[in-house]
Amino acid sequence: MGVASINNLVNLLQFPFMQRAIAGAVLMGILGGLLGSFVTLRQLSFFSHAVGHAALIGVVLGVLLQVNPTSMLLPFTLVFGVVVLYLIDQTDLSSDSVLSIVLSGALAIGVILTNLIQGYRGNLMSVLFGDILAIDTTDLILTLLVLIASSIFLFSTLQQQILLTLNLDVAKVQGVPVQLYRYGFVVLLSLAVAVAIKAVGVLLVNAFLVIPAATAKLMSYHFGRFLFISMLVGATSSIVGIVLSGAFNLASGPSIVLIQFLLFVAVFICVKLRLKAV
């Protein structure tokens, strides 16, 4: 059984779609680890969760309008993310309340629009759970562009980003353009969610951002190391997940997230045992 699986994997690696999947897994893993670090520290995990679920509307609109769903998904998630942040800023309600309302409404609209699709709807399953084996060259280019933009934005302003993350009021006093950086980050986060949905799906995209960063947070309290470990965990778990999915014919998105989850549990247990030993 094991030998057959290894032979299947070696054969699969010769196909371009598998090579694109592995390249995409690395890029998305690094991107998820990078942005997920700030998502976790800024407590924006629920925000990315809401954007991910709302992306279903963009995909369904693309199907209904008979255009490439990706061409609808990117601008829709971008506008949605900015609008949600604006609503949070303009209301006295807590951000959790606003996000709960928006998420519920967006999910309801997405389900209703799904019922309007005539004929076969099987392709929507890949939207919910992802299929990284189906990514094409355009998806790789988009992911690479979002990764480059995110890296330039965050690393060129890293000190201000750290200050903004740790203490918003102090950042304002220090003259950091808080609103510009907040909206800039939301734009990149929304785009990252959009490009990752094809790989891990609407239902799992938030885990793709949060779990690697949470694992890294258990391993280091130094911000630089935390950031590096988060990206390393994201990339490594993505590769292992896609290899296992190819070798054993498993769903790619859930396989990646499962590896991330198991790694988090293993690190958590190791940290607890080490603390008890001390």
Side-chain angles (χ1 to χ4, degrees), residues 24 28 31-32 35-36 39 44-91 93-136 138-139 142-143 146 183 185-211 251-258:
M28 292 178 189
L31 178 61
L35 294 180
V39 166
L44 289 174
S45 57
F46 198 21
F47 184 95
S48 59
H49 187 59
V51 173
H53 278 69
L56 178 63
I57 301 177
V59 174
V60 175
L61 283 176
V63 174
L64 288 173
L65 297 175
Q66 296 182 345
V67 298
N68 186 351
T70 303
S71 64
M72 290 293 296
L73 182 61
L74 287 172
F76 182 85
T77 52
L78 175 59
V79 172
F80 181 85
V82 172
V83 169
V84 170
L85 183 59
Y86 177 79
L87 290 176
I88 293 174
D89 289 342
Q90 297 301 314
T91 181
L93 297 173
S94 66
S95 59
D96 285 349
S97 298
V98 175
L99 289 171
S100 295
I101 294 170
V102 171
L103 187 151
S104 301
L107 192 57
I109 294 171
V111 172
I112 290 174
L113 290 177
T114 301
N115 291 329
L116 299 178
I117 298 176
Q118 302 295 322
Y120 178 66
R121 301 178 189 172
N123 56 342
L124 289 178
M125 289 299 293
S126 63
V127 176
L128 294 177
F129 298 104
D131 185 9
I132 198 170
L133 298 177
I135 65 174
D136 53 26
T138 301
D139 297 317
L142 288 174
T143 305
V146 176
Y183 278 89
F185 182 78
V186 164
V187 167
L188 293 172
L189 179 59
S190 300
L191 292 176
V193 168
V195 298
I197 280 176
K198 194 167 185 178
V200 293
V202 168
L203 298 180
L204 298 174
V205 68
N206 193 51
F208 199 73
L209 287 164
V210 173
I211 296 179
S252 56
S255 296
I256 293 173
V257 174
L258 177 61

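All values below were derived from every heavy atom in this structure, side-chain atoms included, with hydrogens, water molecules and symmetry-related copies excluded.
Between Ile101 and Leu87, the closest side-chain pair of non-hydrogen atoms is not below 4.5 Å. Looking at Val39 and Phe47, their side chains never come closer than 4.5 Å, going by heavy atoms from C-beta outward. Side chains of Asp89 and Leu85 form a contact here, defined as non-hydrogen atoms less than 4.5 Å apart. Side chains of Ile135 and Thr143 form no contact here, defined as non-hydrogen atoms less than 4.5 Å apart.
Rounding to the nearest 0.5 angstrom, the gap separating the CD1 atom in Ile112 from the CG atom in Asn115 is 7.5 Å.
Asp96 is linked by a salt bridge (Lys or Arg N to Asp or Glu O under 4.0 Å) to nothing, counting only residues two or more places apart in sequence or in another chain. Ser190 pairs by the side-chain hydrogen bond (donor to acceptor under 3.5 Å, both in side chains) definition with nothing, not counting sequence neighbours. Tyr86 is linked by a side-chain hydrogen bond (donor to acceptor under 3.5 Å, both in side chains) to nothing, counting only residues two or more places apart in sequence or in another chain.
When all heavy atoms of Leu31 and Ala192 are compared, the pair lying nearest together is CD2-CB, 3.8 Å. Here the closest heavy-atom approach between residue Leu209 and residue Leu35 is recorded as CD2-CB, 4.4 Å. Taking every heavy atom of both residues into account, Val257 and Ala207 meet most closely at CG1-CB, 3.8 Å. Across Asn206 and Ser45, no two heavy atoms sit closer than the pair OD1-O, 2.8 Å. Pairing each heavy atom of Leu103 with each of Ala50, the nearest pair is CD1-CA, 3.6 Å. Heavy atoms only, all atoms of each residue included: Ile197 and Ala55 are closest at CD1-CB, 3.1 Å.
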For residues 56-64, dump all side-chain donor-acceptor pairs below 3.5 Å to protein atoms at least two apart in sequence or in another chain.
none

Compile the donor-acceptor pairs under 3.5 Å between side chains in residues 77-84 and protein atoms, sequence neighbours left out, one pair per line.
residue	atom	partner	partner atom	Å
Thr77	OG1	Leu73	O	2.9
Thr77	OG1	Leu74	O	3.0

Show, in sequence, the C-alpha distance, side-chain angles and deciding distance for Thr91 and Val98, and conclude whether the side chain to side chain contact (heavy atoms under 4.5 Å, CB included) test is met. CA-CA 8 Å; Thr91 181; Val98 175; 3.5 Å; yes
Let's go through Asp136 and Asp139 carefully: what are the C-alpha distance in whole Å and the side-chain angles of both, what is the deciding distance for side chain to side chain contact (heavy atoms under 4.5 Å, CB included) to 0.1 Å, and is it a yes or a no? CA-CA 5 Å; Asp136 53 26; Asp139 297 317; 2.9 Å; yes
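Note on residues 49-72: pairs passing ring pair (Phe, Tyr, Trp, His ring centres under 6.0 Å), not counting sequence neighbours, are His49-His53.
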